[in-house]
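Shown next, in structure tokens, is the structure this report addresses.
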Amino acid sequence: MKKIKIALTKGRLEKKAVEILRQIGADVSELEDKGRKLVFKGKNENYNLEFFLVKSPDVTTYVEYGAADIGIVGKDTMMEKGRSYYEVLDLNVGKCTFALAALPEFKVDKGFNRKLIATKYPNVAKEYFRKQGQDVEIIKIEGSVELAPILGLADAIVDIVETGTTLKENGLVIVDTICDISARMIVNRASMKTKKDEILKLINAISEVVDKK
Ligand code: PRP
């Protein structure tokens with residue numbers, strides 16, 4: 001049984017990914033009791049796995065370069081970073097929406113000034129406004145994007161909305177929804193050939209669990 005290295009996204013998606021892996025019969029005991037370790041073994045009679053936890057943009061990087069065979073990552077990160085790996089499964093967890101949001105008085109086509117848009121996802125925002133035929137200026141922000149319109153840094157934001165609580169509690173409203181996103185399973189192109197049997201076994205098992213959701 002060849003070893004399959006799996007890059008998992010730290011944070012919000014972590015628990016959901018671990019739960020899916022547990023449901024297919026993988027040994028996730030080290031992941032459930034992780035301390036400060038960065039690499040977690042997961043070998044049992046079903047699978048020979050090794051897991052590591054990284055930030056979402058790094059998941060795609062590890063998979064692209066083949067340091068990980070498989071990654072579990074949000075579609076938002078994939079859209080922002082582009083892709084040179086296979087996207088094999090929608091895991092149906094971590095469901096959110098990409099949205100344009102602003103204070104209630106915002107009108108995208110009002111006034112002569114070029115609108116300022118704050119976002120953690122400049123490429124997604126750029127593509128959205130390109131399709132809309134609107135010329136805007138994008139400001140890259142690293143987090144708490146909802147602050148930008150409140151403090152007058154930007155006219156609106158492009159961000160992910162999950163429950164909508166952050167927008168609501170900060171007095172912002174959705175102006176337009178861009179697209180739905182969720183967690184995906186991605187596979188390194190070379191691994192798909194060299195570790196085909198092991199990877200297909202995982203894809204089949206995970207798709208069964210996901211279909212039941
Ligand atoms: C994300 C996103 C919103 C929030 C949306 O931020 O950027 O701020 O979650 O979730 P909600 O609709 O359920 O309120 P995250 O918590 O990842 O932190 P960050 O802003 O520091 O990036």
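Quick note: numbers below take in every heavy atom, side chains included, and nothing from hydrogens, waters or symmetry partners. Throughout, numbering of the chain's residues begins at 1 and tracks the sequence. Every number for a ligand or one of its atoms is a count from 1 in the order of the listing. In this text the structure is predicted, and so the values were computed from the model without any measurement.
Side chain to side chain, Thr61 and Lys81 meet the donor-acceptor criterion of an N or O pair below 3.5 Å.
Ordered by chain and residue number, the residues placing a heavy atom less than 4.0 Å from ligand 1 are Arg12, Lys120, Gly143, Ser144, Glu146, Asp159, Ile160, Val161, Glu162, Thr163, Gly164, Thr165, Thr166.
A salt bridge is absent between Lys5 and Glu50; no separation between the charged side-chain nitrogens and carboxylate oxygens falls under 4.0 Å. With respect to Glu198 and Lys201, no salt bridge is recorded, no charged nitrogen being found less than 4.0 Å from a carboxylate O.
Looking at residues two or more places apart in sequence or on another chain, you find a side chain to side chain donor-acceptor pair (under 3.5 Å) between Arg12 and Glu162. Every residue meeting the salt bridge (Lys or Arg N to Asp or Glu O under 4.0 Å) condition with Lys140, not counting sequence neighbours, appears here in chain and number order: Glu142.
Within the structure, the ring pair (Phe, Tyr, Trp, His ring centres under 6.0 Å) test picks out the following pairs touching residues 59-99 (sequence neighbours left out): Phe52-Tyr62, Phe98-Tyr121.
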